[in-house]
K.L.:
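Okay, here's the structure, questions in a sec.
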Amino acid sequence: MNRIPFLKTHDDVRRLQLQLWASIIAWTFLVLVLLFWAVRNEDADMLELARQEAVDNFNKDQAFRNWGTKHGGVYVPVSDHTQPSPYLSHIPERDLVTPSGRQLTLMNPAFMLRQMMDDYNELYGVKGRITSLKPLNPANAPDEWEREALMAFDAGETERFEITEINGQPYLRLIRPMRMQAGCLKCHLQQGYMVGEVRGGVGVSVPLANYYKVTGERKQIFLLVLSFIWSVGMVGIFSLTNHSRQRIDERKRYETEIWRQANFDTLTGLSNRSLFMDRLDRALAYARRHDYKLALLFIDLDRFKDVNDTLGHAHGDLLLQEAAKRLQDCVREMDTVSRLGGDEFTVILPEMIENTSAATVAGTILTSLSRPYKLDGQETKLSASIGITIYPQDGEDPGMLLQNADTAMYRAKADGRNTFRYFTWEMNREAGGRAALEADLRHALKWGEFELYYQPILNTLDGRLIGAEALIRWISPKRGLVGPDEFIPLAEESGLIVPMGDWVMRRAAADLAGWDEMGLVMEQLSVNLSTLQFQAKGFTRKILEFLDSQPHLRSRLFFEITESVFIDEGTEPGARLAKLRKEGIGIDIDDFGTGYSSLGYLKRFPVDKIKIDRSFIRDVTIDPEDASLCEAIIAMAHHLKLGVVAEGVETHQQLRFLQRRGCDYAQGYLFGRPMPVEQFTEYMKENLSFDKVVN
Ligand code: C2E
Ligand code: CA
Ligand code: CA
């Protein structure tokens with residue numbers, strides 16, 4: 001239900017992935033190009049070096065030939081190696097005999113060079129060769145490649161080279177033209193050459209194996225270096241991507257958080273008021289289009305303020321969280337549970353078929369919420385009141401539906417809490433909602449629509465009427481008689497309880513003075529004091545000043561407070577209570593036993609009496625658990641030297657039980673209901689003793 005809407009970060013992540021791939025491809029491509037370039041460069045360098053070596057050889061060869069030609073040949077002694085050349089037989093002085101008789105023969109430069117080339121080949125592996133299109137020696141006839149080169153030289157080219165294989169070994173072979181010089185004509189004249197003409201070529205073949213070895217090693221180093229550079233680049237790309245990814249994630253988290261805070265309640269994780277309104281709007285639009293019904297449940301926890309006040313806010317928060325969880329468990333996936341604030345929740349039930357299905361859900365929720373809560377090892381009970389509105393009959397827009405659901409919820413509270421009520425337009429006419437109630441309350445305060453009723457309190461042992469509890473009533477010309485349970489919570493919420501309490505004090509003081517005058521002297525007058533009144537700034541001073549102006553109240557006024565007074569130690573309840581008691585005001589603990597009673601408070605704070613809540617008295621004669629609880633409370637109170645009042649005594653059996661257990665005082669319909677002042681005056685006159693009331 002609390003799905004996070006699609007965030008733009010998905011796009012960012014995709015874009016980042018694309019960027020990553022593009023970077024990897026671009027980088028790899030760049031490095032490969034670099035590698036290719038380096039290899040090519042290396043090959044070209046190698047070739048150039050090998051060519052240079054060949055050219056060097058050619059040049060040397062050329063220099064020798066020049067020398068030989070210039071001198072017209074060299075005479076050498078005849079040996080196996082240097083036989084008279086048949087190609088020079090036309091030269092008359094080919095063979096000479098020295099005066100000492102040694103036989104010499106003329107070597108032509110070409111022959112001499114060929115022999116040197118053979119030696120050079122044997123010694124250094126560099127092969128040389130002379131070739132010509134018109135060779136004198138058939139062994140010098142050109143091969144295919146040489147023939148082409150020689151023909152190209154005729155056309156003006158000056159050099160050709162290629163990489164080839166000789167005996168399975170790689171070689172660079174280079175050929176350059178050899179031009180006819182004057183000295184050459186001695187041998188080649190009959191071939192019809194002219195000086196300066198190309199008469200053949202000199203080829204040099206340089207072995208490449210060594211070059212290959214060196215370049216191979218260099219290429220390996222390149223490969224290694226470039227692999228390293230590539231890896232470093234890749235690491236950089238990945239770490240940059242990772243960094244960006246982290247930034248995106250961080251932003252996403254941040255955006256999600258912002259979105260959460262804007263739409264969700266931080267305590268319970270439920271949608272908040274703003275998201276609730278949005279969802280309700282959409283659900284209504286949908287219902288309108290499809291002619292569906294929709295139900296809105298307004299849920300308010302009962303007396304949650306007391307829980308918060310007595311157990312502390314931390315505990316209250318835990319309770320709210322648990323309640324929220326239970327609410328979620330009660331509804332379908334499509335329903336929306338929200339927390340509007342405080343202890344107010346809503347549930348939207350869209351696509352309803354029957355009005356009654358809202359009641360089913362409400363029933364489930366009430367049952368679920370009233371299961372005991374075990375938090376921090378403490379068991380707490382809670383209930384809720386639910387108001388239900390149905391679209392379209394109870395309103396067509398979110399505001400109207402919500403307001404009416406609120407009204408229905410208040411009706412559920414007024415009808416005893418822990419229940420649900422469907423909204424009816426009748427309710428609205430009667431009550432006009434909470435805002436109207438508050439306005440009416442202000443009006444009531446201003447125009448004196450309140451009355452103070454009195455309910456007798458008797459001594460259980462001798463039946464004497466010892467006093468009365470003052471209970472406020474609102475006689476509204478518009479609403480009729482309104483019970484305090486209906487308006488006290490709102491008066492507390494709105495702060496109206498303070499001026500209202502002041503009025504109660506003045507009224508009670510005046511009534512007591514009236515009875516005094518009539519000679520109907522009462523020992524005790526109990527006035528209920530809301531925690532809010534007690535905690536209000538300047539309360540003690542105000543009450544003491546009032547007491548000064550009403551001396552007859554002194555030592556007869558009792559305040560009924562609830563235990564929630566003790567919780568907020570910031571207001572120093574102990575000191576305040578002590579001050580009040582010093583001035584003769586009695587302190588009674590009201591509604592004792594309803595959940596959060598702690599004996600610690602009774603020991604630490606100065607009080608006079610405790611009033612056992614009427615919910616324990618009701619079943620005291622039939623429920624052994626309630627009986628033993630009452631017994632224990634009475635025993636404990638007496639142990640602490642406190643008086644005990646039983647509230648809500650309705651039967652003789654209850655009274656007898658209380659008498660046997662030594663309960664000091666009793667109050668309840670058995671002796672008298674709360675009554676207006678005139679009636680109570682009559683009651684006092686008639687019931688001087690309790691025998692008369694009971695018998
Ligand atoms: P409370 O202080 O517990 O008052 C006792 C309530 O029990 C009264 O309800 C009274 O009518 C009712 N009651 C008394 N005897 C019986 C009985 O035998 N059976 C049953 N079933 N009920 C009985 P009421 O007058 O409706 O007052 C409700 C609550 O409103 C009071 O509970 C008190 O907390 C609050 N309240 C009333 N007047 C004032 C007031 O002037 N100031 C403040 N702060 N709170 C007031
Ligand atoms: Ca009371
Ligand atoms: Ca009470």
Side-chain angles (χ1 to χ4, degrees), residues 302-303 305-306 309 413-417 441 444-445 449-458 467-475 481-509 511 524-536 539 543 557-565 586-595 607-621 645-655 658 665-677 679-680 693-694:
D302 296 332
R303 302 188 205 280
K305 196 178 165 299
D306 290 357
D309 288 347
K413 284 225 191 270
D415 287 355
R417 298 188 170 92
L441 260 183
L445 204 61
E449 291 172 10
F450 294 117
E451 259 191 49
L452 211 49
Y453 278 35
Y454 294 92
Q455 186 177 30
I457 302 172
L458 295 97
E469 177 178 359
L471 293 160
I472 195 166
R473 294 291 178 268
W474 178 14
I475 295 109
L481 182 71
V482 190
D485 280 335
E486 266 179 80
F487 63 86
I488 294 280
L490 186 68
E492 284 180 332
E493 251 173 64
S494 59
L496 279 174
I497 192 76
V498 174
M500 196 183 284
D502 292 347
W503 176 85
V504 170
M505 278 302 301
R506 283 198 302 276
R507 185 71 257 158
D511 288 342
Q524 296 184 7
L525 177 64
S526 300
V527 171
N528 289 288
L529 195 68
S530 144
T531 302
L532 210 92
Q533 281 171 275
F534 179 78
Q535 289 173 344
F539 166 74
I543 210 68
L557 177 64
F558 281 75
F559 279 140
E560 295 193 357
I561 59 171
T562 57
E563 287 158 286
S564 58
V565 157
I587 304 294
D588 296 347
I589 309 292
D590 210 350
D591 304 338
F592 190 82
T594 49
V607 301
D608 296 284
K609 293 195 286 292
I610 58 175
K611 296 187 79 170
I612 304 178
D613 191 70
R614 63 176 181 274
S615 58
F616 297 100
I617 304 300
R618 193 179 59 220
D619 296 334
V620 84
T621 52
V645 187
E647 277 186 339
V649 180
E650 296 182 352
T651 65
H652 287 95
Q653 289 95 318
Q654 289 166 339
L655 176 63
L658 294 163
Y665 311 101
Q667 175 185 356
Y669 293 170
L670 180 63
F671 319 109
R673 292 185 174 247
M675 45 197 124
V677 65
Q679 201 181 331
F680 190 71
V693 186
V694 177

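The basis for the numbers below is simple: all heavy atoms, side chains too, and nothing from hydrogens, waters or symmetry mates. Quantities reported herein were computed from a predicted structural model and do not represent experimental measurements. Atoms within a ligand are numbered from 1 in the order they appear, just like the ligands themselves.
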K.L.:
Under a 4.0 angstrom heavy-atom cut-off, which atoms of ligand 1 come close to E469?
P.N.:
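Reading through ligand 1 atom by atom, the close ones are 2 (O), 4 (O).
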K.L.:
To the nearest 10 degrees, could you say what angle the Ca ion (ligand 2) makes with OD2 of D590 and OD1 of N528?
P.N.:
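Vertex the Ca ion (ligand 2), arms to OD2 of D590 and OD1 of N528: 80°.
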K.L.:
Work out which heavy atom in Y453 is nearest to a heavy atom in P674; give both atom names and the distance.
P.N.:
CD2-O, 3.5 Å
K.L.:
Is it true that K611 and E469 have a side-chain N and a carboxylate O under 4.0 angstrom from each other?
P.N.:
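Yes, this pair counts.
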K.L.:
Strictly distance-based, threshold 3.5 Å: is any side-chain N or O of Q654 a donor or acceptor partner for the main-chain N or O of I617?
P.N.:
yes
K.L.:
Tell me the nearest of Y669, F534, Y453, F487 to atom 22 (N) of ligand 1, using heavy-atom distances.
P.N.:
Y669
K.L.:
Nearest heavy atom to atom 42 (N) of ligand 1 wins, so pick from V504, N528, T531.
P.N.:
N528
K.L.:
Give a yes/no on ligand 1: does P674 have at least one heavy atom closer than 4.0 angstrom to it?
P.N.:
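Judged by the 4.0 Å heavy-atom criterion, P674 does count as contacting ligand 1.
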K.L.:
In terms of relative ring orientation, are F487 and W474 parallel, tilted or perpendicular, with 30° and 60° separating the classes?
P.N.:
perpendicular
K.L.:
Give a yes/no answer: is there an N/O/S atom of D591 under 3.0 Å from the Ca ion (ligand 2)?
P.N.:
no
K.L.:
Check if Q667 has a non-hydrogen atom at a distance under 4.0 Å from any atom of ligand 1.
P.N.:
no
K.L.:
Quick check on contacts: which atoms of ligand 1 are under 4.0 angstrom from a heavy atom of G668?
P.N.:
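Answer, ordered by atom number: 15 (N), 18 (O).
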K.L.:
Run Y669 and Q455 through side chain to side chain contact (heavy atoms under 4.5 Å, CB included) and show every step you take.
P.N.:
CA-CA 9 Å; Y669 293 170; Q455 186 177 30; 3.9 Å; yes
K.L.:
Could you tell me whether R506 and D502 have a side-chain N and a carboxylate O separated by less than 4.0 Å?
P.N.:
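No, R506 and D502 are not salt-bridged.
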K.L.:
I'd like to know if the Ca ion (ligand 2) has an N/O/S atom from E647 within less than 3.0 Å of it, counting both backbone and side-chain atoms.
P.N.:
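E647 does not place any N, O or S atom closer than 3.0 Å to the Ca ion (ligand 2).
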K.L.:
Can you tell me if an N/O/S atom from D588 lies under 3.0 Å from the Ca ion (ligand 2)?
P.N.:
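It does not; every qualifying atom lies at 3.0 Å or beyond.
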K.L.:
With atom 38 (N) of ligand 1 as the reference point, say which of I488, T562, I472 has the nearest heavy atom.
P.N.:
I472
K.L.:
Find, among atoms of E560 that are N, O or S, the one nearest to the Ca ion (ligand 2), and state its name.
P.N.:
OE1
K.L.:
Atom 7 (O) of ligand 1: which of R618, E647, R614 has the nearest heavy atom?
P.N.:
R614
K.L.:
From S526, does some N, O or S atom reach closer than 3.0 Å to the Ca ion (ligand 2)?
P.N.:
no
K.L.:
Which atom, counting only N, O or S, brings E469 closest to the Ca ion (ligand 2)?
P.N.:
OE2
K.L.:
Side chain of N528, backbone of E560: donor and acceptor closer than 3.5 Å?
P.N.:
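A pair under 3.5 Å: no.
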K.L.:
Minimum distance, heavy atoms only, to atom 31 (C) of ligand 1: which one of V527, L452, L471 is it?
P.N.:
L471
K.L.:
Between L670 and ligand 1, which residue portion shows a heavy-atom distance shorter than 4.0 Å: side chain, backbone, both, or neither?
P.N.:
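Looking at L670 and ligand 1, no heavy atom falls under 4.0 Å.
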K.L.:
Heavy-atom distance to atom 27 (O) of ligand 1: which of S530, P489, P484, P456 wins?
P.N.:
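Among S530, P489, P484, P456, the closest heavy atom to atom 27 (O) of ligand 1 comes from P484.
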K.L.:
Using the side chain to side chain contact (heavy atoms under 4.5 Å, CB included) rule, take I561 and T531 through it: C-alpha gap first, then chi angles, then the decisive distance, then the call.
P.N.:
CA-CA 7 Å; I561 59 171; T531 302; over 6 Å; no
